[in-house]
Amino acid sequence: MNILEQIYEINFEKINFLERKHSLKNENTIIIGPPKCGKSYLIYDFLSKFDSSKYIYIDFDDYRNIQIDIIKNLEEFISLHSIEILVLENFKFDFDLPKVTTTIITSKIDKDFEEFHKIYLNGLDFEEFILFDNKHQNTINSFNSFLKFGNLPEIIEFSEIKKSKRNNEICKLYCENSTQLDILYLLIKSAGENKSIFQLYNQLKKTTKISKDKFYEICEKFDYNNVVYFCEKYNQPKAAKKIFVFDHSMIDFISYNKNFTNLFKNMLYLELLSKNHKVYYLDNIDFFLPLEKIIILAIPFYNDMILDNITKKLIPIIDKYDINEISIITVSGEKVLYIDEIEVQIMQFPSWALTL
């Protein structure tokens, strides 16, 4: 039992943790989320509330933790030490769980498990980012950092020169081989655009040898684990999806060809998800929230000269979907105007995100 004895010495009594909007309770839980979004620190914070003798924390991505030895002795070890909380990081659901009071799992596999609560954890939303960002003294400076460097908690602590390298390392963490990495980079480059999986496959096969079934399977994996999001067109599930990724800043870090509008759209989409909105898109409409009957347009550099063009696109949508609110989100400038008696709020991203 030597490995388990070594693992058992780990404790988290002095962990320094800033509160997130998600937290763990004393119940069986599976945490799903993209790399470096804060899954482990959520666990560390939870464990810090208990005496270290009550839990054992096992990370299967730790090379020292030989799974075959752990499986062989785990149940006996738990009984011997009266362990109440079992934590399995990077678990592959490839052996039966021993009985304890509480089991916490993180995994790259989105699996429904009987009697387990599930948390889908993303990166920081803007409100959380402000709490984590102690380098800047005002909202505008925090927004500029959030926009440029993204939403992952750890990236805040990196120097600017190291942030780009670290973002590329994070992408590789979630991929098992170079083919998966090629697919992830393709999806990141396509963020903010409407593309079918078939279109993406045809694009990739020009440079990478892969079957269509395998390509679909990997895309599905990224989708299940909130690494990539495929936003549906409202009431048209078979239409091309609008693609978004777990960290908007990745769009700039994997290409020299900047597309600020797509990055900005991705940032808005993640903010809407963080507030548990069900989000779709429509023709000429970036985001549609059908339950609230709200339209949201991402126009980072809005000016009144484009108002006539916007109005022509919006009027038929307003009538068709009985819209009661329209927001235009920008990086600068705020005002209120009306289209067909519907209030249109033009808001800077920080104001919008903090009141969403």
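Keep in mind that this is a model prediction, so the values were computed, not measured.
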Return each pair, listed once, that meets side chain to side chain donor-acceptor pair (under 3.5 Å) where at least one residue sits in residues 25-39; pairs must be two or more places apart or across chains.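 Passing the test, one end in residues 25-39: N26-T102.
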Check whether more than 12 heavy atoms from other residues, nucleotides or ligands sit under 6.0 Å from atom [atom1] of [X], and answer yes or no.
X    : atom1 : result
K278 : NZ    : no
K275 : NZ    : yes
K233 : NZ    : yes
Y224 : OH    : no
K49  : NZ    : yes
F198 : CZ    : no
K172 : NZ    : no
D94  : CG    : yes

Parallel, tilted or perpendicular: which one describes the rings of [X] and [Y], with boundaries at 30° and 60°?
X    : Y    : value
F244 : F287 : tilted
F126 : F349 : perpendicular
F215 : Y201 : tilted
F91  : F93  : tilted

Would you check if there is a donor-acceptor pair between the side chains of [Y] and [X] at a distance under 3.5 Å?
X    : Y    : result
N65  : D59  : no
S53  : D51  : yes
N235 : Y321 : no
K92  : Q67  : no
Y120 : D110 : yes

Identified side chain to side chain contact (heavy atoms under 4.5 Å, CB included) counterpart of Y55 within the set I85, I104, V100, T101: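 That would be I85.
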Got a salt bridge between [X] and [Y], using NZ or NE/NH1/NH2 to carboxylate O under 4.0 Å?
X    : Y    : value
D283 : K313 : no
E217 : K221 : no
D304 : K335 : yes

Rounded at 0.5 Å granularity, tell me how far [atom1] in [X] sits from [atom2] in [Y].
X    : Y    : atom1 : atom2 : answer
D62  : F60  : CG    : CZ    : 10.5 Å
F143 : L354 : CZ    : CG    : 11.0 Å
L200 : F230 : CG    : CZ    : 7.0 Å

Identify the two heavy atoms, one from D247 and one from G150, that lie closest to each other, and give their separation to 0.1 Å.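 In this case the closest contact between D247 and G150 is OD1-CA, 3.2 Å.
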Looking at every non-hydrogen atom in both residues, tell me the closest pair between V227 and P35 and how far apart they are.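 For V227 and P35, the tightest heavy-atom pair comes out as CG2-CD, 4.2 Å.
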Do [X] and [Y] have side-chain heavy atoms sitting under 4.5 Å apart?
X    : Y    : value
L184 : I254 : no
Y234 : P290 : yes
P98  : L86  : yes
V279 : L289 : yes

Just do the side chain to side chain contact (heavy atoms under 4.5 Å, CB included) check on F246 and C37 with the steps written out, would you? CA-CA 9 Å; F246 68 96; C37 68; over 6 Å; no
Do [X] and [Y] share a hydrophobic cluster (ILVMFWY, side-chain heavy atoms under 4.5 Å, transitive)?
X    : Y    : result
I285 : L272 : no
Y302 : L297 : yes
Y44  : I32  : yes
F113 : L42  : yes
I346 : L307 : yes

Under the side chain to side chain contact (heavy atoms under 4.5 Å, CB included) rule, what do E193 and K242 come out as? Steps first, then yes or no, please. CA-CA 5 Å; E193 300 176 5; K242 187 170 285 190; over 6 Å; no
When clusters are formed from ILVMFWY side-chain contacts under 4.5 Å, directly or step by step, what else is grouped with V336?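 Y338, listed by chain and number.
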Is F253 isolated, or which residues cluster with it under the ILVMFWY side-chain rule of less than 4.5 Å, directly or via members?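 Joined to F253, directly or through intermediates: F149.
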Given side chain to side chain donor-acceptor pair (under 3.5 Å), test D213 with S211 step by step and report yes or no. CA-CA 5 Å; D213 288 346; S211 70; 5.7 Å; no
I would like to know whether I251 and K258 meet side chain to side chain contact (heavy atoms under 4.5 Å, CB included); could you show each step before the answer? CA-CA 8 Å; I251 298 169; K258 308 298 183 184; over 6 Å; no
From CA spacing to verdict: side chain to side chain contact (heavy atoms under 4.5 Å, CB included), I170, E154: CA-CA 11 Å; I170 289 169; E154 71 163 41; 3.9 Å; yes
